[in-house]
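Everything numeric in this text was worked out from a predicted model, so none of it was measured.
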Amino acid sequence: MTIASPSPAVSTPAPDTPTRRSRAWLFVAGGLGVLFLLGVRAAWFFTIDDAYITFRYSDNLANGHGPVWNVGEDPVEGFTNFLWMVWHTPFALLGLDLPTVAKLTSLVAGAAALVMLVRYCHQRYGLVAALTAGGAFVVFVPTYFHLTSGLETVAFAALVLRAVIVTLRALDDRPVRVWEPPLLLVLAGMLRPEGVLAALPAFLLWLWLRRRDRVAWLWSAGAVVAGAAYFVWRWTYYGHLFPNTFYVKFGNVAAGTAWFEATVPLLAPLLALTLWLLVRRETRWAGGLLVGTVATTYLTYVVSGPSMDYVHRFAYHAFPLLCLGAGLAVGPIRRWYLASAVGAVAVGWVAVTGVQPFDLPVIANYGPDLARAHVAIGKGLGQVDSVPPEERTVALNDAGAIPYYSGWTTVDIIGLNDEAIAHGGDVTQRVLDARPTVIVVRSLSPDVPADAYGMDVLQVTEGYEHVATVPMRDSYYKQVFVLPEWADEVREPIMAAVDEAQRTYDPGRYELTIDRWLDRVRKDFPW
């Protein structure tokens, strides 16, 4: 549907010349795809501990217990990615390895994002625009750690990107499936709670363009009904308006300001080029859509201060949009060498800033570290058969791999998966009341800490036997305590699993350096 005034998002498509009909974008996508796959391979070992929280809910749902944290207890919502959790449920039912499923799913989503960027920019403006958008996407190192993390980050970013590109196509008066924008809005809201805000500008603009189309309004009404039904169900099922994460980790405006100040320099050229779209008349609508979507995507994080923002995870939700904005900004520059120079600056900038995050060394070595500590402890607990099922209880602060692999009833002392703690309950009293068989706490030295996330460690472990100090990395250890009557039964399988893992994953190396990661990469790519 053509709009008479103001001008469409971008200039009217060029005549259908042989060059336009060519599939040159496929060669661009293929070349960038090789770099993309190399990056994925270099980060394949990485899985974040939080991903196992979602996998545990998927497992319980697959086994007929519903999306719950502890079987037999009132449900709590310790995840913020409902659709991601549901997606993994059938694979859990088939007994497949969920971390691998998550990585492969994100690989497909990331590849789709790359193809969308290259194809759309090439269709609009040619190779320079396509190389700028796709190049920025593939040289940004955090892309690969978010892709292999096991979380929904890349899938969410690709979904929002698709919503914007669909609306851009509508602005270009190109065919758009009438059901796609409403569906993308619902999927975005189910994938992450703030997804509705992220996808809303694209949806509203599309609906305005189709405002005289009854079918579009019917699909939109269906989306509203489906979204409202989902919201009411989860509110009724879990008993709270928002997931526990919002009560535990969100609301720190000062941290949100710090997040914003760290994000702007990271993406400065991409942000500037996207804003530049607002200056030129023929790209003003595209610029308005992109700027509006980036703003609504980031709004939640600016006012709340997201935690677990490793290597700019939350900034990544709009990163492909900014790549698209950069491509659309350099495309109309008439002199190809000037357009190439501007695009090269944008791509080079994110290539450099992408290797600058202070926590990159931690993340680059996180996979082996997690495998030889958290995963090993969880698998060891999972092999304990002599402890009766009703006594298989554990309290800990890293609620991820250990609960997932052990299957034990878990008290999450941070509160993500514990309603009482999430809503202000006393952590120490909660653990004392639960009297779990095993307590696992983090320490920053080989010594037992006095406090762990507000829990009085000395008080809650009184009468317990300290059975293990498991090193994860420099200045990070897991202290394992067990009730005396079960100490021997628990100690042996845990230590067997830990010893095997310590021999298998980067044996003897605990330093947090990029060199340690690169040494591992060299083994994967001996050439």
Side-chain angles (χ1 to χ4, degrees), residues 37 39-69 71 78-79 81-112 143-156 158 191 310 363-385 392 394 396 398-408 410 417 472 493-494 496-498 500-506 520-521 523-524:
L37 291 176
V40 172
R41 181 65 185 90
W44 191 256
F45 58 86
F46 173 69
T47 306
I48 198 74
D49 198 39
D50 278 13
Y52 291 98
I53 294 176
T54 303
F55 300 154
R56 178 171 165 113
Y57 283 90
S58 300
D59 254 350
N60 285 334
L61 180 57
N63 290 324
H65 305 298
V68 299
W69 177 245
V71 175
F79 54 88
N81 48 13
F82 178 82
L83 191 62
W84 192 248
M85 181 275 296
V86 172
W87 166 258
H88 287 83
T89 298
F91 299 103
L93 189 63
L94 294 173
L96 299 180
D97 182 65
L98 295 190
T100 302
V101 171
K103 293 172 191 287
L104 291 174
T105 303
S106 293
L107 174 59
V108 172
T143 292
Y144 305 105
F145 290 104
H146 296 313
L147 188 151
T148 60
S149 69
L151 291 173
E152 76 293 340
T153 306
V154 172
F156 181 78
L191 191 54
Y310 62 91
I363 297 303
N365 296 293
Y366 188 94
D369 292 344
L370 189 76
R372 64 186 176 190
H374 299 59
V375 172
I377 293 171
K379 289 182 175 180
L381 287 175
Q383 295 169 2
V384 176
D385 297 324
R392 295 175 190 172
V394 57
L396 41 71
D398 287 317
I402 295 175
Y404 173 70
Y405 283 108
S406 69
W408 284 32
T410 303
N417 303 279
M472 179 182 178
I494 282 183
V498 167
E500 180 181 358
Q502 295 279 334
R503 291 191 301 267
T504 302
Y505 299 98
D506 284 8
R520 196 180 314 112
V521 172
K523 293 180 182 178
D524 291 337

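Formation of a donor-acceptor pair under 3.5 Å by the Asn60 side chain with backbone atoms of His65 is not found in this model. Distance alone, capped at 3.5 Å, is enough to place a donor-acceptor pair between the Arg372 side chain and the Asp506 backbone. Of the possible donor and acceptor atoms, none in the side chain of Ser149 sits under 3.5 Å from a partner among the backbone N and O of Ile48.
Taking every heavy atom of both residues into account, Ala109 and Ala158 meet most closely at O-CB, 3.6 Å. Between Ser106 and Trp84, the closest heavy-atom pair is OG-CH2, 3.6 Å. Scanning both residues, Ala501 and Ala376, for their nearest heavy atoms gives CB-CB, 3.8 Å. Closest non-hydrogen pair, Ala364 versus Arg520, comes out as O-NH1, 3.2 Å.
The aromatic rings of Tyr366 and Phe46 stand perpendicular to each other, their planes meeting at an angle above 60°, with 30° marking the opposite boundary.
Two residues are said to be in side-chain contact when any heavy atoms from C-beta on lie closer than 4.5 Å; Tyr144 and Arg41 fail this criterion. At least one side-chain heavy atom of Ile53 sits less than 4.5 Å from a side-chain heavy atom of Trp69. Between Val40 and Lys103 there is no side-chain heavy-atom pair separated by less than 4.5 Å.
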Practice task
Kindly determine whether Leu37 and Leu107 satisfy side chain to side chain contact (heavy atoms under 4.5 Å, CB included), including the steps that lead there.
Solution key: CA-CA 9 Å; Leu37 291 176; Leu107 174 59; 4.1 Å; yes
Handout entry: Intermediate values then yes/no, side chain to side chain contact (heavy atoms under 4.5 Å, CB included), Val384 and Arg392
Key = CA-CA 9 Å; Val384 176; Arg392 295 175 190 172; 5.7 Å; no
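The environment of Trp44 atom CH2 is dense: over 12 non-hydrogen atoms of other residues, nucleotides or ligands sit within 6.0 angstrom.
None of Phe55, Tyr57, Tyr52 except one satisfies the ring pair (Phe, Tyr, Trp, His ring centres under 6.0 Å) rule with Phe79; the exception is Tyr57.
Remark: Arg56 CZ to Tyr405 OH distance equals 13.5 Å, nearest 0.5 Å.
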